[in-house]
Amino acid sequence: MVSSKVEDQASPAEAFRTRLGGPTPRLILGSALMLFLELALIRWLGANIVHLSYFTNFVLLGSFLGIGIGFLNSRRSRTLLPWTPVVLGLLVIAVRLFPVSIDRQGADVIFFTALKTTGPPAWVVLPAVFVLTAIVLAGPAEVVGRCFGQLPPLTAYRWDLVGSLVGIVLFSMLSFVWAPSYVWGSIVAVAFVLLIDGWQRWLAVLAGVAIIAALVIESTGAGVSWSPYYKITTQVVQGELGDRTYISVNGVPHQSMSPAEWKLTNASEVYGAPYARLGDAPLHNVLIVGAGSGSDVAIALLKGAEHVDAVDIDPRIMQIGVDGNPDHAYQDPRVTRHINDGRAFLERTNQKYDLILFALPDSLSLVSGASQIRLESFLFTQEALTSARDHLTDNGVFAMYNYYRQAWLVDRLGGTAVAAFGHAPCIDLFGGATAVVSVAKDEANQHCGPDNYTLPATYIEPASDNAPFLYYKGGMVPSIYLWALGSILVLSLLAVRIFGGPLRAMRPYADLFFMGAAFLLLETKNIATFALLFGTTWIVNAMVFAGVLVIVLAAVETTRRLRTPPLPVVFAGIAAALALAFAVPPDWLLGLSFTPRLIGAVLLAFLPIYLANIAFAKRFAACADSQSAFGINLLGAIVGGCLEYGALLTGYRNLLIVVAVLYLAAFLLKPKEALALTTRA
């Protein structure tokens, strides 16, 4: 049972009791606020600190530190909660008043960014974002921690999971309706006011008013709207042949919406090159991935396409095209719109195409919860181009174009085409690493231009579904990550020492630390697997997070209601489940139809999670200090988040080996008395 000394420190907890009753409703609200605020900060900071959308994992890690600090501080009488909305308000106002663009120059990792940067470098901005996020999350986490001190451990954990589910469902609903940022801020402000009582509630009210005002000004600005992925800004420029609309996302130029004839004659030869390489072959069916606001669709129609499947992952950008494309491409009856991830669409359709075009599908955001998976990561692997080849007619051509930034990336994509199609592609260069890579299913139907670029004898090997890091040149982990992760670990150790006391006193919960690291890595691996099997869309990502919470809740309820096997047996089950997941690579499931693929993915991904959380629940139920135990577990997740960057070197499949080693360490470090208690449970 939990030590009664925690309940003796009831003065801060009592201050928040009157408005919400007992600990259970406060725990649910605090947990919902933690999850909602974490997701909102990932989206909002990535949208306003230009290029931070490539580093949102640092916001996630900062959230884990803040939650851990909140749990550790909940054992003290001094409270952090009243000041956290104030810090959040200052953060929002500072970001709005002093825009920052992280300087991401260099060739080791390519980022599709703005050409100009302002403010301090990334090695300063990333740790600062990490610290401020931690401070903001510490307040609601402290509320949850105090409630943990007043309830039996598993009961508290159960309601924490319920609250987290409420938070993720609510944020997902807002994403579905493209809610602007001031709606998120209003929900956060109201939650803080409900959790804080006494005169300090006025701090939350004032901070909430400031937050909402700043976000209203942001989201009601000219041309500003929100999609489930980006903050989108449009600007219309008048021209002789019609208006041109420039679309920026998260502060970075992304697309231009212009008449098709103007693009073909005035913008660049890039847009016409894929059709020149196609020759005189008919265009019965065309697939355009990255259709966006419709300019490439209009060009395909102008070139004689009889039918176009237009695929884009962002519903808001496509709606901008529906409303404002000057050629009215999306109103044409020859066009079918699809809101989906391009790779997922390829895996689900049986249609054959005369032309498959990847038209500038460069996302400016990561899949939430994964440090290196971008929205288009699985679109440019060798397996993806092989799938594109299989969807071509006998006379069909595949093409992709972009401003690729570095010559080595053009070579890598050309080499990927060689690996997928079995012969060299046509490569048209237009300066500045702008290129069109075109390859016919049958080399005899390939019509390369007179200035065709020939691939060098050696180039970087293609990206794969196991390591979908197209824009990573290879070698060691980039220095920008090493410096930032090193800073995160140092800051985390200092915070734990300050709020948790001597590290030696936490030694009894070392096993929970390793469980936290292993679980975060396992969750990340599953995010990558589901992104490959079902797409990188926001709804797939949200369903994975919600599914993980449901499975964890099921494990807790199993432990509460049933007699579970001894811990050695459970850990043996974890090892077997991890071995099974390692033995069945995701590409085996990719060839299955949707239903068996879903069943296989759920079993392989969630079985080890279920068993791991039975082990955690049994161990957690035996803890004398649930606040310290849960806090240390969350801090272990920070280490797991740092280890996830190792996927750059090992690929995602080998992360399962690291997960197995971490769970083995947790089992070996488990105190003997805890093992005896959990064995009798």
Side-chain angles (χ1 to χ4, degrees), residues 43-44 46-54 99 101 111-116 175 178-181 218-239 241-264 266-268 270-271 288-300 310-331 335 337-342 357-366 374-376 379 401-405 434 536-538:
R43 283 281 311 281
W44 189 81
N48 286 278
I49 300 180
V50 180
H51 312 164
L52 183 65
S53 53
Y54 289 114
S101 298
F111 300 93
F112 291 85
T113 62
L115 299 178
K116 296 182 180 180
S175 297
W178 310 344
S181 58
E218 171 192 36
S219 291
T220 56
V224 175
S225 59
W226 291 83
S227 79
Y229 306 96
Y230 307 117
K231 180 173 76 171
I232 301 172
T233 306
T234 58
Q235 181 182 11
V236 179
V237 177
Q238 294 181 343
L241 295 179
D243 295 343
R244 296 196 301 276
T245 302
Y246 294 94
I247 302 172
S248 296
V249 299
N250 291 356
V252 178
H254 189 50
Q255 297 181 19
S256 65
M257 188 167 57
S258 310
E261 287 191 6
W262 184 91
K263 283 213 168 193
L264 287 171
N266 298 290
S268 173
V270 168
Y271 298 104
I288 297 179
V289 175
S293 54
S295 294
D296 293 284
V297 177
I299 291 172
V311 179
D312 200 273
I313 199 170
D314 195 300
R316 175 58 188 146
I317 291 179
M318 187 170 276
Q319 187 61 46
I320 290 172
V322 171
D323 296 336
N325 185 277
D327 295 304
H328 307 291
Y330 287 132
Q331 283 76 16
V335 176
R337 289 181 283 148
H338 306 271
I339 304 298
N340 203 349
D341 168 72
L357 179 61
F358 287 3
L360 301 165
D362 52 338
S363 74
L364 300 170
S365 183
L366 297 175
R374 307 184 191 184
L375 297 182
E376 81 281 19
L379 194 59
Y401 63 81
N402 210 328
Y403 168 42
Y404 291 113
R405 270 67 172 179
T434 299
T536 56
T537 60
W538 70 271

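Note: hydrogens, waters and symmetry copies are ignored here, and every other heavy atom, side chains too, is used.
- Here the side chains of S256 and K263 are in contact, with some heavy-atom distance below 4.5 Å.
- Closest of all the heavy-atom pairs between G290 and P361 is CA-CB, 4.5 Å.
- The nearest pair of heavy atoms linking V335 to A329 is CG2-O, 3.4 Å.
- With D327 contributing its side chain and A260 its backbone, the two residues share a donor-acceptor pair below 3.5 Å.
- For Q255 (side chain) and S293 (main-chain N/O), a donor-acceptor pair under 3.5 Å exists by modelled atom type.
- Nearest heavy atom pair, residue Y330 against residue G321, reads CD1-C, 3.7 Å.
- In this structure, OH on Y230 lies 6.5 Å from CG on D314, to the nearest 0.5 angstrom.
- The backbone N or O of P228 lies less than 3.5 Å from a partner atom in the side chain of R43, making a donor-acceptor pair.
- Two residues are said to be in side-chain contact when any heavy atoms from C-beta on lie closer than 4.5 Å; Y246 and P253 fail this criterion.
- Between the N250 side chain and the K231 main chain, a donor and an acceptor come within less than 3.5 Å of each other.
- Using modelled atom types, no side-chain atom of D341 and backbone atom of T537 make a donor-acceptor pair closer than 3.5 Å.
- Side chain of N402 to main chain of Y404: no donor-acceptor pair is present (N/O by atom type, distance under 3.5 Å, no hydrogens or angles).
- By the 4.5 Å heavy-atom criterion applied to side chains, I317 and V249 are counted as neighbours.
- In this structure, the separation between CD1 on I247 and CD1 on I320 is 5.0 Å, given to the nearest 0.5 Å.
- Although no hydrogens or angles enter the test, the distance criterion places no donor-acceptor pair under 3.5 Å between the side chain of Y401 and the main chain of Y271.
- Atom CE of M318 sits about 12.5 Å away from atom CG of D323, to the nearest 0.5 Å.
- The OG atom of S175 sits 10.5 Å away from the CH2 atom of W226 when rounded to the nearest 0.5 Å.
- For the residue pair S181/S219, the side-chain donor-acceptor check at 3.5 Å is satisfied.
- Looking only at side-chain heavy atoms (C-beta outward), N325 and V297 stay at 4.5 Å or farther from each other.
- In this structure, CG on N340 lies 7.5 Å from CD1 on I313, to the nearest 0.5 angstrom.
- Side-chain polar atoms of S225 and W178 form no donor-acceptor pair below 3.5 angstrom.
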Does the pair N48 and E218 meet the rule for a side-chain contact (heavy atoms from CB on, under 4.5 Å), with working shown? CA-CA 10 Å; N48 286 278; E218 171 192 36; 2.9 Å; yes
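- Taking each heavy atom of S227 and I232 in turn, the nearest pair found is CB-CD1, 3.8 Å.
- V322 has its side chain within reach of R337: a pair of non-hydrogen atoms, C-beta onward, lies under 4.5 Å apart.
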